[in-house]
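Below is one structure; the comments refer to it alone.
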Amino acid sequence: MLDKIKIGLQYCIPKHALTRLMGKLAAYEGGKLTTTIIRWFIKQYNVNMAEARIPDPAAYSTFNSFFVRELMEGARPINNDSHIISHPADACVSQFGPIKAGRLFQAKGHYFNACELLGGDSDLADKFMGGKFATLYLSPSDYHRVHMPCDGVLRQMIYVPGDLFSVNPLTAANVPNLFARNERVICVFDTEFGLLAQVLVGATIVGSIETVWAGTVTPPTGPEIRRWNYPTTGEQAINLKKGQEMGRFKLGSTVINLFPKDSIRFVENMQPHQVTRMGQPYAERLVK
């Protein structure tokens, strides 16, 4: 009953106002107070600071700088096999599988539409019909930088306004069309196996979604879908290598990957609710 009440309350909270407030607090340089909050968070969520490049909580001037902390060099080895696609984030596999009739499986009894997820772009959605998807949930304890699962050249970025529901397993099981309703940033890359969509989904009190090429994409929020197209050749092209950072969440969320038909197969031991680490084998590129 308590869980259902929590979900119901999300319909009543002015989510973007709450996000702005929490974002300001997370960016506040509070000295000892900030350090106390960070230490509480580490203990509450069992954060492994031994793998952080800067393990001392007092070294972070804001909660945000702690939340998007870097890892020490070598903490996440990247598989260098060009046929192997690596996990883009420390996360938990929410769901994965085929894109059937343009729909992705969310949870028991719930599906969502690929075209809606991609901001209503039917031409882009068509590129993934019959393909595969994976939804990866980043918990509060996770490392919150998102990396490239493979080499890619940025083709397009799309900002889609929306709600800010929590994206934990409870809401995924109870809020219809969750990932196609929340605010999100869609990044489309050319790769050796075809297009890759890496979708960064916002959630309750996500302070911002950022990319390495554009900086902070949201906030500010807006009522309209925005699109940016990028050159894929020449000096202005944005080329990112497998394992390279491509974005980050301040106060965390979900990454969804879309792959074209007959382009990849997931590793055999992948299962729903499996904990992942960035750089671990995720899928294998199919040779054509």
Side-chain angles (χ1 to χ4, degrees), residues 48 51-53 68-99 104 127-128 131-139 141-155 157 167 179 184-201 209-213 232 237-249 252-288:
N48 182 9
E51 62 185 13
R53 187 176 70 82
V68 294
R69 63 195 174 276
E70 292 182 77
L71 298 182
M72 68 172 61
E73 187 174 352
R76 296 290 183 273
I78 308 298
N79 188 304
N80 290 321
D81 187 333
S82 62
H83 288 88
I84 296 297
I85 298 165
S86 296
H87 274 288
D90 286 10
C92 174
V93 178
S94 177
Q95 298 293 340
F96 70 100
I99 301 171
L104 290 70
K127 302 293 194 301
F128 300 103
K132 290 184 170 59
F133 82 96
T135 302
L136 309 171
Y137 167 65
L138 283 70
S139 74
S141 64
D142 286 324
Y143 164 67
H144 274 82
R145 299 191 182 201
V146 182
H147 295 249
M148 291 295 294
C150 59
D151 293 354
V153 182
L154 181 66
R155 173 175 290 275
M157 181 172 73
V167 290
F179 301 111
R184 54 205 178 276
V185 174
I186 301 153
C187 305
V188 183
F189 297 92
D190 286 336
T191 76
E192 291 185 350
F193 55 78
L195 287 187
L196 164 72
Q198 185 140 289
V199 184
L200 310 183
V201 183
I209 300 174
E210 304 176 9
T211 64
V212 297
W213 58 86
T232 56
I238 299 172
N239 291 274
L240 298 175
K241 296 296 184 182
K242 180 166 67 171
Q244 187 172 347
E245 182 185 347
M246 59 76 61
R248 62 184 67 172
F249 293 108
S253 188
T254 287
V255 175
I256 299 176
N257 282 150
L258 303 184
F259 301 94
K261 183 179 180 181
D262 299 328
S263 63
I264 64 106
R265 58 171 167 255
F266 292 113
V267 294
E268 290 185 1
N269 62 347
M270 190 157 141
Q271 299 177 1
H273 314 302
Q274 179 181 12
V275 173
T276 74
R277 287 293 175 262
M278 190 278 290
Q280 291 179 339
Y282 175 30
E284 182 179 0
R285 176 167 63 91
L286 298 178
V287 178
K288 295 183 179 180

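- In this structure, the separation between CD1 on Ile256 and CG on Leu104 is 7.0 Å, given to the nearest 0.5 Å.
- Summarising the local packing, CZ of Arg155 is surrounded by 12 or fewer heavy atoms from other residues, nucleotides or ligands at distances under 6.0 Å.
- The shortest distance between side-chain heavy atoms of Asp190 and Leu195 falls below 4.5 Å.
- With rounding to the nearest 0.5 Å, the separation of CG in Asp81 from OG in Ser86 is 9.5 Å.
- Within the 4.5 Å cutoff, the side chain of Cys150 has no heavy atoms near those of the Arg285 side chain.
- A heavy-atom distance below 4.5 Å is found between the side chains of Val93 and Leu136.
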Thr211 and Cys187: CA distance, side-chain angles, deciding distance, side chain to side chain contact (heavy atoms under 4.5 Å, CB included) verdict: CA-CA 9 Å; Thr211 64; Cys187 305; 4.2 Å; yes
Steps toward side chain to side chain contact (heavy atoms under 4.5 Å, CB included) verdict (Phe249, Ile209): CA-CA 5 Å; Phe249 293 108; Ile209 300 174; 3.9 Å; yes
Check against side chain to side chain contact (heavy atoms under 4.5 Å, CB included), Phe259 and Leu196: CA-CA 6 Å; Phe259 301 94; Leu196 164 72; 3.6 Å; yes
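- With sequence neighbours left out, Pro98 forms a side chain to side chain contact (heavy atoms under 4.5 Å, CB included) with Lys100.
- Atom CG in Leu200 sits 11.0 Å away from atom CD in Glu210 (nearest 0.5 Å).
- Glu245 meets the salt bridge (charged side-chain N to carboxylate O under 4.0 Å, His left out) test with Arg145, Arg248; sequence neighbours excluded.
- With hydrogens and angles ignored, the 3.5 Å screen pairs no side-chain donor or acceptor of Lys127 with any backbone N or O of Gly194.
- Listed here is the closest heavy atom pair of Phe133 and Gln95: CE1-O, 3.9 Å.
- How far CD of Gln280 is from CD1 of Ile85: 15.0 Å, rounded to the nearest 0.5 Å.
- Thr191 approaches Gly152 most closely through the heavy-atom pair CG2-CA, 4.4 Å.
- Taking SG of Cys92 as the start and NE2 of His273 as the end, the distance is 7.0 Å to the nearest 0.5 Å.
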Step-by-step side chain to side chain contact (heavy atoms under 4.5 Å, CB included) determination, Leu154 to Met246: CA-CA 10 Å; Leu154 181 66; Met246 59 76 61; over 6 Å; no
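- When the side chain to side chain contact (heavy atoms under 4.5 Å, CB included) test is applied to Pro77, no partner is found at least two apart in sequence or on another chain.
- For Lys132, the side chain to side chain contact (heavy atoms under 4.5 Å, CB included) test picks out Ile264, Phe266, with sequence neighbours left out.
- Looking at every heavy atom in both residues, Asp151 comes nearest to Lys241 through OD1-CA, 3.4 Å.
- Applying the ring-ring contact (aromatic ring centres under 6.0 Å, His included) criterion to Tyr143, with sequence neighbours excluded, gives His147.
- In this structure, Thr135 and Phe96 have side chains that are not in contact, with every pair of non-hydrogen atoms separated by 4.5 Å or more.
- Here Asp142 pairs with Asp90, Leu138, Ser139, His144, Arg277 under the side chain to side chain contact (heavy atoms under 4.5 Å, CB included) rule; sequence neighbours left out.
- Between Lys261 atom NZ and Leu286 atom CG the span is 12.5 Å, to the nearest 0.5 Å.
- Shortest non-hydrogen contact noted between His87 and Pro281 is CD2-O, 3.6 Å.
- When all heavy atoms of Gln198 and Pro88 are compared, the closest pair comes out as OE1-CB, 3.6 Å.
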